[in-house]
Amino acid sequence: MNQEQISYNIFASFTYGVCFVDLQGNVLLWNDAAQRITGYAREEAMHRPYSSLYMLLVERYGVRDEDHANLIQKTLQDEQIRTFRAFLWNKQGRKVLIWEKVLPVYEQKQFVGVAQIFTDDLMQDFNRQEGEVLLNLAMTDILTNLPNRRSLESALHDRQLRLTRHGKKFCVLFVDLDNFKRINDQYGHMTGDRVLTSVSANLIRSMRNSDIVGRWGGEEFIGIYAVENETDMEAVAKRVRDLINHAVVRVKDELVSATVSIGVTMAKEDDTSNSLIGRADLLMYHSKRNGKDCVTSDVDGVLHTFH
């Protein structure tokens, strides 16, 4: 499962179209209903400018309304919610009557793009649709489509309860990309974003059904893995490091790769989410100080760093 598949699966069963457009106007989410209504396959829509896909002819009382012809662009500019009726020219050249709602999306109080929900079933309840879309987007990192910090905090709280009540052991990995600023400075932020999504895909490959990985922020990721003991914990961390070392993106004729520094620790019954993340974070910085591209664990209070 790749990094886009997570959010795709979340929205796949929705009977209305869902599209997310980033601040640059590019499509980062496109579900099954969006494919059906517009005629554009997901592969044709993803990472393309929204404006190149189809044209909305917004009409009031049958007359074209030029002021409302590009509602997504307007919401990208002024962050206002818009609901309207529109005739959509789909890929096959047919005009389809739809109801559409355009919503600003925020992540950690920062405006990150626009969600578009639309339907050709004019009896659908837009208020319910809006709630479903915003709830899912609120728990998802827009770039990588992984669970975001809010979602991870909720998952940690749940796992901590399961540990104290039922003895379900788990460990936390704090994963930080090495020299990520150099990648951004040398190759540009678009390449940096591609590296982040490639790392995300490899993190997903490290998961079992009982595990969770997500983006904590910037170039930092958190992994929550069910394990039985410290030996299992260190094996998981090594597997994650080895997988991420295979995260490579091509820039013209050059291959750009990333390494990571990892801190890993077992959850204790008296931990809080903050104490657990804080401990894993300190162990990650120990890996940074020991040459990067390595893992540091704490077993019985003894630090162990391995490459």
Side-chain angles (χ1 to χ4, degrees), residues 3-14 16-31 33-34 45-51 53 56 68 70-84 86 99-119 124-158 177 180 184 189-190 192-197 199-200 203 212-222 273-274 277:
Q3 72 276 3
E4 292 165 1
Q5 197 70 31
I6 291 178
S7 282
Y8 175 67
N9 286 343
I10 291 171
F11 294 102
S13 63
F14 288 10
Y16 46 88
V18 181
C19 168
F20 176 80
V21 179
D22 67 12
L23 296 180
Q24 288 70 50
N26 296 316
V27 174
L28 298 186
L29 175 65
W30 192 257
N31 75 341
M46 291 292 291
H47 306 295
R48 287 186 57 189
Y50 172 85
S51 58
L53 293 176
L56 286 175
H68 292 76
N70 193 346
L71 276 296
I72 283 187
Q73 187 58 43
K74 288 179 180 293
T75 298
L76 284 171
Q77 293 169 352
D78 63 19
E79 303 178 32
Q80 296 301 305
I81 297 174
R82 291 177 167 85
T83 304
F84 56 94
W99 281 110
E100 179 159 3
K101 194 160 193 172
V102 178
L103 308 157
V105 176
Y106 300 89
E107 189 170 273
Q108 297 180 18
K109 298 183 180 180
Q110 278 204 308
F111 180 51
V112 293
V114 168
Q116 175 199 27
I117 55 177
F118 54 100
T119 180
Q124 288 214 27
D125 179 3
F126 254 166
N127 290 327
R128 180 179 60 81
Q129 294 174 2
E130 176 184 346
E132 289 176 337
V133 170
L134 292 181
L135 176 62
N136 282 288
L137 287 174
M139 303 298 280
T140 304
D141 176 66
I142 299 301
L143 174 65
T144 63
N145 289 329
L146 290 175
N148 63 11
R149 185 171 184 149
R150 182 184 302 170
S151 183
L152 288 166
E153 287 173 341
S154 176
L156 278 170
H157 178 71
D158 178 64
L177 270 66
F180 186 65
N184 275 332
H189 288 276
M190 187 171 294
D193 286 350
R194 290 176 61 201
V195 170
L196 288 171
T197 54
V199 167
S200 302
L203 275 171
I212 300 170
V213 296
R215 187 180 179 197
W216 192 245
E219 64 269 31
E220 298 173 341
F221 297 84
I222 295 292
S273 296
N274 287 339
I277 291 293

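Residues N26 and H47 fail the side-chain proximity criterion, which asks for heavy atoms closer than 4.5 Å. Using a 4.5 Å heavy-atom threshold, the side chains of W216 and I277 count as touching. By the 4.5 Å heavy-atom criterion applied to side chains, Y16 and E100 are not counted as neighbours. Between I117 and K101, some side-chain heavy-atom pair lies under the 4.5 Å cut-off.
Note: H189 NE2 to L196 CG = 11.0 Å, rounded to the nearest 0.5 Å. For the atom pair CD of Q80 and NZ of K74, the computed distance is 12.0 Å after rounding to the nearest 0.5 Å. Considering CD1 of I212 and CG of L156, their distance stands at 8.0 Å, rounded to 0.5 Å. Here the straight-line distance linking atom CG of D158 with atom CD of E153 works out to 14.0 Å at 0.5 Å rounding.
Closest heavy-atom contact between A115 and F20: N-CD1, 4.3 Å. Nearest heavy-atom pair across L76 and G113 is CD2-CA, 4.3 Å. In terms of heavy-atom proximity, G17 sits nearest to A33 at N-CB, 3.6 Å. Between T144 and T197, the shortest heavy-atom distance links the atoms CA-CG2, 4.3 Å. Across T140 and N148, no two heavy atoms sit closer than the pair N-ND2, 3.4 Å. Among all heavy-atom pairs drawn from V18 and F118, the shortest one is N-CE2, 4.4 Å.
Around atom CD of Q77, more than 12 heavy atoms belonging to other residues, nucleotides or ligands sit under 6.0 Å away.
Under the side chain to side chain donor-acceptor pair (under 3.5 Å) criterion, T75 pairs with R82, not counting sequence neighbours.
Screening D141, L177, V213, L152 for a side-chain contact (heavy atoms from CB on, under 4.5 Å) with F221, the sole residue that qualifies is L177.
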